[in-house]
Amino acid sequence: MFSKLSSDPATMEKSKTLAEVGKDFAVGDVVDVPDKNKALDLLANHAIDFDPNSPEAKRVLRKIDKMVMPIIFMVYLLQLMDKNSLSFAAIMGIRSDAHLTASQYSWLGSIVYFGYLGGEIPVTFFMQRVPLAKYLSVMCMLWGVVVAMHAVCHDFGSLAAVRLLLGMIEVCTAPAAIYITASWYTKEEQVTRVAIWYTTSGWAAVFGGFFSWALNQAPRFRWQGLFVVFGALTFVTGIVMFFFLAASPTEARWLTEEEKVIALERVRGNKTGTEVWKFNKSQLKEAFLDVRFYLTFLLLVSTGLPNGGVTAFGPTIVAGFGYSTNKTTLLSMGSGASQVVGTFLALFIAKYTNRTVAGVWTLVLACIGCAMMLGIPASNNGARYGGYILVMQFPICVLFIITFITAGVAGSTKKIAFGAAYQLGYAVGNIIGPQTYRKDDAPNYYIAKYTMLAFLIFTAILLSMFGLIHMVWNHKIDKRHADAEDISTTIANEEFADLTDFEMKSFKYPL
């Protein structure tokens, strides 16, 4: 049965930080941990016999899936639809109505990511100081208002202002979604759950294409209507999220006390915790000394660069194959649907190999597609569109990068630091991406496509390095245990304490 934490003030006063535990206690000692978070308190007072295959555990998982996954799916979908709405507005008349030059339109694609850079520090600050679910909900409502405000903008200056605000507000989405997913699901479940909400990169194109096609039939207020509809959907989602989303089991009002304990016991083996603790300077230092921190940044730069281009110019690329506006919006749905199918195919590959192999597979497909768009003559636009379909498989690799973070990084400050590296890299790549599409290169944009191909290859190399590092670290951990050189001190409920993956000597890294 589980050891209870000490609630005696004298004992708690003498307790040391968990990072220092191994220095003062002998191997095998059970060490009391200060009651610093709700998970520790709940487990200390509600010890249970937990069976992960019991009907109760399966019932709690179904309840979690029903209450958490639809909300995360919806907010991530709307974030992508809102951000991608400019690319559909481009073929619906916003360029002429707002008197945008080619250079100004490219900058509108980049400016939103300057907002990401500006919003990253405030987001990192607030994520550790206010309830995470409530913070994400309020931000969702605010960016819904900002998206709707696009409809009243009629020049470059006003559009640039709302795009900048949009980036500053919605930058919290990915780090929050990553943290919440890691708090609710086991390492094995995280790949599937992240894949489900990451299919929104495809669904955003499907629904965005459909709404664009429908609103394009109107005689006027077409692109304006698109922003109003997307903004309203986002605002309503934020309201629903405020009342129903829980960032961790201890915050879920829709779980009983016993169900909360079961939810916590389900993720005990993750050893990544479920709560957002206060800022920890030593964890931040550890993140900066972790090579994966810089790999995460570089991976998101190298995936963000092609993403920034296709986000702003995707429908324009398809239109350049010789299709009308209406047909282009419908064909954009096809590329989105292919991403959804490609995600589940990558999941199948990951199940029988690992995350690294599956991620590299999607990048190989994208490289083939990019080569097709470059090498196939304009007389065969159908085949070039097929190449575009393959190129749009590359965002799928990001879901495996995300699960490397959710399952491979422990410690709340360290996880948030990795989330910041993720977002900063994403912003830098997406700022550069649209600038590779120059007016003089239209409609084929060969320089942009060659740049995209180079960075897709670079991404495959970086992702392989990430997986190789985890493999080497796991081998060293196994060797230490086999040689009995390093046996960790036993700490009551250490899996829910604020320990990093480096501090937990038995931590295993995902491949």
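Just so it is clear, the model here is predicted, and its values are computed rather than measured.
Counted by atom type alone, Asp155 and Ser158 present one or more donor-acceptor pairs between their side chains at under 3.5 Å. Looking only at atom types and distance, the side chain of Gln190 has no donor-acceptor partner in the side chain of Thr403 under 3.5 Å away.
A donor-acceptor pair under 3.5 Å links the side-chain atoms of Trp184 to the main chain of Ala246, judged by distance alone. In terms of modelled atom types and a separation under 3.5 Å, the side chain of Tyr426 and the main chain of Phe297 share no donor-acceptor contact. Looking only at distances, a side-chain donor or acceptor of Arg129 sits under 3.5 Å from a matching main-chain atom of Phe125. A donor-acceptor distance shorter than 3.5 angstrom exists from the side chain of His470 to the backbone of Pro510, with no hydrogens or angles considered. Remark: the backbone N or O of Ala410 is paired with a side-chain donor or acceptor of Asp501 at under 3.5 angstrom. In this structure a side-chain-to-backbone donor-acceptor pair under 3.5 Å is missing from His99 to Arg95.
Minimum interatomic distance between Val75 and Ile72 (heavy atoms only, all atoms of both residues): CG1-O, 3.3 Å. Counting all heavy atoms, side chain and backbone alike, Ile477 lies closest to Tyr509 at CD1-CE1, 4.0 Å. Minimum interatomic distance between Ala247 and Leu132 (heavy atoms only, all atoms of both residues): CB-CB, 4.0 Å. Ser302 and Thr459 get closest at one heavy-atom pair: OG-OG1, 2.9 Å. Shortest non-hydrogen contact noted between Ser110 and Ile431 is OG-O, 2.7 Å. Nearest heavy-atom pair, Val291 versus Ile469, reported as atom, atom and distance to 0.1 Å: CG1-CD1, 3.8 Å.
The environment of CZ in Phe244 is sparse: at most 12 heavy-atom neighbours from other residues, nucleotides or ligands sit within 6.0 Å. Within a 6.0 Å sphere centred on CZ of Phe293, other residues, nucleotides and ligands contribute more than 12 heavy atoms. Within a 6.0 Å sphere centred on CD1 of Ile121, heavy atoms belonging to other residues, nucleotides or ligands number 12 at most.
Atoms OG1 and CG, from Thr451 and Leu456 in turn, are 10.5 Å apart once rounded to the nearest 0.5 Å. Lys508 contributes atom NZ, which lies 14.0 Å from atom CH2 of Trp473 (distance to the nearest 0.5 angstrom). Of the inter-residue distances, the one linking Leu78 atom CG with Ser85 atom OG reads 11.0 Å to the nearest 0.5 angstrom. Phe404 CZ to Thr406 OG1: the interatomic distance, rounded to the nearest 0.5 Å, is 10.0 Å. In this structure, the separation between CD1 on Ile178 and OG on Ser183 is 11.5 Å, given to the nearest 0.5 Å. One finds the CH2 atom of Trp203 at 9.5 Å from the CG atom of Leu77 (value rounded to the nearest 0.5 Å).
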Could you please spell out the steps behind the side chain to side chain contact (heavy atoms under 4.5 Å, CB included) verdict for Glu170 and Tyr116?
-> CA-CA 8 Å; Glu170 72 170 21; Tyr116 270 50; 3.1 Å; yes
Please lay out, stage by stage, how Tyr198 and Phe400 fare under the test side chain to side chain contact (heavy atoms under 4.5 Å, CB included).
-> CA-CA 10 Å; Tyr198 207 79; Phe400 299 108; over 6 Å; no
How far apart are the C-alpha atoms of Leu264 and Thr250, what are their side-chain angles, what is the distance that settles it, and do they pass the side chain to side chain contact (heavy atoms under 4.5 Å, CB included) test?
-> CA-CA 8 Å; Leu264 289 170; Thr250 58; 4.2 Å; yes
Verdict with reasoning, Thr173 to Trp143, per side chain to side chain donor-acceptor pair (under 3.5 Å) | CA-CA 11 Å; Thr173 309; Trp143 97 58; over 6 Å; no
Side chain to side chain contact (heavy atoms under 4.5 Å, CB included) between Tyr185 and Val194: does it pass, once the steps are laid out?
-> CA-CA 10 Å; Tyr185 294 103; Val194 171; over 6 Å; no
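Arg266 is listed as a side-chain neighbour of Ile64, based on a closest heavy-atom distance under 4.5 Å. The closest side-chain heavy-atom distance from Phe235 to Val147 is not below 4.5 Å. Counting heavy atoms from C-beta outward, Phe455 and Phe394 have side chains that stay 4.5 Å or more apart. In this structure, Leu345 and Gln393 have side chains that are not in contact, with every pair of non-hydrogen atoms separated by 4.5 Å or more. For the pair Pro175/Ile416, no side-chain contact is recorded, criterion being any heavy-atom separation below 4.5 Å from C-beta on. Looking at Asn354 and Val357, their side chains come closer than 4.5 Å, going by heavy atoms from C-beta outward. Side-chain atoms of Cys140 and Phe242, non-hydrogen and from C-beta on, never get closer than 4.5 Å to each other. Using a 4.5 Å heavy-atom cutoff, the side chains of Phe156 and Ile111 are in contact.
Here Thr234 pairs with Asp82 under the side-chain hydrogen bond (donor to acceptor under 3.5 Å, both in side chains) rule; sequence neighbours left out.
For the pair Lys187 and Phe507, the cation-pi criterion (under 6.0 Å, within 45° of the ring axis) is fulfilled.
Among residue pairs with one or both ends in residues 191-206, those qualifying as salt bridge (charged side-chain N to carboxylate O under 4.0 Å, His left out) are Asp65-Arg193; sequence neighbours excluded.
Under the 30°/60° scheme for interplanar angles, the aromatic rings of Tyr450 and Tyr446 are found to be tilted.
Each of Glu286, Gln283, Lys414 was checked for a side-chain hydrogen bond (donor to acceptor under 3.5 Å, both in side chains) with Thr500, and the lone residue meeting it is Glu286.
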